[in-house]
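Hydrogens, waters and symmetry mates play no part in the numbers below; they use all other heavy atoms, side chains included. This structure is a prediction, so every number in the text was calculated from the model and none was measured.
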Number of protein chains: 2
Amino acid sequence: MYIGTKGDYGIRALIDLAMYGGAGPIQRAEIARRQHIPEAYLDHLLAQLRRAGFIQSTRGPGGGHQLNRPAAEICLLHALETLEGSLAPMPCLEDHDDGESDSVCAQQWVWREIYDDMRARLQAVTLADLAAREQERLRALATSYSI
Amino acid sequence: MYIGTKGDYGIRALIDLAMYGGAGPIQRAEIARRQHIPEAYLDHLLAQLRRAGFIQSTRGPGGGHQLNRPAAEICLLHALETLEGSLAPMPCLEDHDDGESDSVCAQQWVWREIYDDMRARLQAVTLADLAAREQERLRALATSYSI
DNA sequence: GTATTCTTGACTAAGTTAGTCGAGAATTGC
DNA sequence: GCAATTCTCGACTAACTTAGTCAAGAATAC
Ligand code: FES
Ligand code: FES
């Protein structure tokens, strides 16, 4: 369940859309520049987000990407699972909840607790929260430079 | 921080030693058979555990491996970190606590909370706890078969 | 000295990650 | 219709990690 560049870049792209996407679509080049993501790589991440219904994209001049739903209604858990696949910390916790309780080894319960807790925390965080935090971070950065 | 076979097998080997290691060393072949671990692979895991001071090994006939400390004094966190390396769920949380707070992106705080919580839970679990659980599991399994 | 058991390092196959590249499709404006 | 813009998609790659295997060797017991 290691979060690699897929998850990190992808979420940063969504935050970017939440912050700057109020008026019309944002182009991938703009996101890539602001968030320091290789443009060609960002393509794939946006494609996954589009297929999962998080964003919609329009082609042609003036085109770009925008969120499909309000940022407050997108949770971090769902977005990350879209980008990275299952976040389970070990194979035996992968979501095949078919009631199969076989092959449980002694440490599984600890990890199930950790996993449940993790999912709950991630589900409680929305894109709007993250965008607000990023806004604040940028503001703090700007004032610290301007002193 | 995905826990692969290294962490899973390694912990199972430690539990095995905690359960059966009361009277003298246990041989790797015995552990491998009971825990369904490839013998040659188990070698490497035992070597890591030995170098980290969890177990000691003796060669020759009647030799084998045994815990260096009481099972109640070995926590799951330390053992897993020995076997798997850092358990950080993303690269920016890797333990270089050199006060560098640069390049914090918006979602880092969520993950730091999750990571801290995870470490706390893992630190609270000892090998003795796991061995007790395994004991109980085997007992339950045995009675369910003997009905 | 021989059988036993651990120790170590080299090697491998398969899978994953983090990308790059190029051809093509849709749209806008003229 | 043409040209410019922007997204779309699949193929390809290099580097790395994982999960092992294997063989030579060292220590010990008898
Ligand atoms: S197999 Fe999942 S905890 Fe051991
Ligand atoms: S770089 Fe660690 S959370 Fe974005």
Original post:
Does A:Arg133 pair with A:Glu136 as a salt bridge, N-O distance under 4.0 Å?
Top reply: no
**OP:** Taking the side chain as every heavy atom from C-beta outward, state whether B:Ile26 and B:His65 have any atom pair closer than 4.5 Å.
**Re:** no
Subject >> Integer-rounded Å distance: D:dT17 P and B:Leu83 CG >> reply: 17 Å
**OP:** Please list residues of residues 36-59 of chain A whose heavy atoms come under 4.0 Å from any atom in DNA chain C, ordered by number; otherwise none.
**Re:** A:Pro38, A:Ala40, A:Tyr41, A:His44, A:Arg59
Original post:
Any idea which heavy atoms bring B:Gly24 and B:Gln66 closest together, and the distance?
Top reply: C-OE1, 4.2 Å
Subject >> Within residues 24-33 of chain A: residues closer than 4.0 Å to DNA chain C (heavy atoms) >> reply: none
**OP:** Return no unless some side-chain N or O of A:Tyr9 is found under 4.0 Å from OP1 or OP2 of C:dG19.
**Re:** yes
**OP:** Go through the steps for A:Tyr41 and A:Thr5 under the test side chain to side chain contact (heavy atoms under 4.5 Å, CB included), then give the verdict.
**Re:** CA-CA 10 Å; A:Tyr41 191 38; A:Thr5 60; 3.2 Å; yes
Original post:
Is the side chain of B:Asp116 donor-acceptor paired with the backbone N or O of B:Glu113 at a distance under 3.5 Å, no angle test?
Top reply: no
Original post:
Quick one: do A:Asp16 and A:Arg12 make a salt bridge, cutoff under 4.0 Å?
Top reply: no
Original post:
What's the CZ-P distance between A:Arg12 and C:dA18, to the nearest Å?
Top reply: 13 Å
Original post:
With distance as the sole test, does B:Gln35 use its side chain to make a donor-acceptor pair with the main-chain N or O of B:Tyr9 at under 3.5 Å?
Top reply: no
**OP:** To the nearest Å, give me how far apart NE2 (A:His65) and P (D:dT5) are.
**Re:** 17 Å
Original post:
So which of A:Leu80, A:Asp129, A:Leu122 actually passes side chain to side chain contact (heavy atoms under 4.5 Å, CB included) with B:Gln107?
Top reply: A:Leu80
**OP:** Starting from the 5' end of DNA chain C, give me the residue, A:Gly60 or A:Tyr2, whose nearest nucleotide shows up first.
**Re:** A:Tyr2
Original post:
C:dG19 C1' sits how many Å from A:Lys6 NZ, rounded?
Top reply: 11 Å
**OP:** Could you tell me the separation between the CD1 atom of A:Ile3 and the C1' atom of C:dT16, rounded to a whole number of Å?
**Re:** 15 Å
